[in-house]
Protein chains: 2
Amino acid sequence: MSNLELKVLGQDAEADAAACCSPMVREPLDEETAIDLAKMFKALADPVRLRLLSLIASHDGGEACVCDLTGPFDVSQPTISHHLKVLREAGLVGSERRGTWVYYWVLPAALARLSSLLQTPVGASAGAAR
Amino acid sequence: MSNLELKVLGQDAEADAAACCSPMVREPLDEETAIDLAKMFKALADPVRLRLLSLIASHDGGEACVCDLTGPFDVSQPTISHHLKVLREAGLVGSERRGTWVYYWVLPAALARLSSLLQTPVGASAGAAR
């Protein structure tokens, strides 16, 4: 992605994060940032959590009731609740109770931060030529 | 991601990957893809591995000798070797022995795959407005 594209994206929330964060291929991560990021990646390091996050993000209107999130999985409701808590504590989703149900939505700035960190400028790595 | 897309991705650089992969915010991840991706995120879910990956990627020429990778860390050589093995087995880095030393480089298509999966299209999520 070019700098120009980053600036265009920067008009919105998530891309402010994308614009702010230097990809990890550009300069070595410092220890504190690495600890912080590892927690977020740990939340993504589970297939059920990845699918939950994807279900929430791709749901109509960008948010999902917890009642929409149990059907697709072969695990118990308490397990789903635990995984949603891990995603929330990692700062990847927000949640709010409305009446009977809790609703979840993805926090785009957090995803954009991880996405931009993993961006590999074309030709930046020797691996690109292999 | 379809098999066809994987083949296209394999031929070239990270830009193809960025173009090929539907972000997880667009449609729900299937179970198999989620299992595959979770392994890669698990490899990133450790601060030392994140810093190693970043050191390798940002090193001159995009590759680093294992002899360049032990100095910055307060852990033993065998621990560094273990972390490098995890990164290699997750498909995030490649390696090659040349004479005395093993050299490592980042596999840009793998990083680009994760990066594009986490991309959040502007306005795609309800969270963007919060």
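Order of the sequence lines sets the chain letters (A, B, ...), proteins ahead of strands, with each chain counted from 1.
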Query raised in the report: Is the backbone of Arg26(B) close enough, under 3.5 Å, to the side chain of Ser58(A) for a donor and an acceptor to pair up by distance?
Result: no
Requested in this report: Name the region of Leu53(B), side chain, backbone, both or neither, that has any atom closer than 4.5 Å to a heavy atom of chain A.
Outcome: both
Query raised in the report: So which of Leu114(B), Leu50(B), Asp36(B) has the largest heavy-atom pair count under 4.5 angstrom toward chain A?
Result: Leu50(B)
Query raised in the report: If you round to the nearest 0.5 Å, how far is CG of Leu37(A) from CG of Asp46(B)?
Result: 12.0 Å
Report task. Calculate, to the nearest 0.5 Å, the distance between atoms CG and CE belonging to Leu55(A) and Met24(B) respectively. Result -> 9.0 Å
Query raised in the report: Any link between Val86(B) and Leu111(B) through a network of hydrophobic side chains (Ile, Leu, Val, Met, Phe, Trp, Tyr) touching at under 4.5 Å?
Result: no
Requested in this report: Count the heavy-atom pairs under 4.5 Å between each of Ala43(A), Ser115(A), Pro28(A), Gly94(A) and chain B, then report the option with the highest count.
Outcome: Ser115(A)
Query raised in the report: Can you get from Leu44(A) to Met40(A) by hopping between Ile, Leu, Val, Met, Phe, Trp and Tyr side chains that sit under 4.5 Å apart?
Result: yes
Query raised in the report: Mind checking whether Ile35(A) and Phe41(B) sit in one hydrophobic cluster, side chains of I, L, V, M, F, W, Y counted as touching below 4.5 Å?
Result: no
Query raised in the report: What distance do Asp74(A) atom CG and Glu31(B) atom CD have between them, rounded to the nearest 0.5 Å?
Result: 8.0 Å
Requested in this report: Using side-chain contact (heavy atoms from CB on, under 4.5 Å) as the criterion, point out the one residue from Leu29(A), Leu117(A), Asp30(A) that pairs with Ser54(B).
Outcome: Leu29(A)
Query raised in the report: CG/Leu118(B) to CZ/Arg113(A) distance, rounded to the nearest 0.5 angstrom?
Result: 12.5 Å
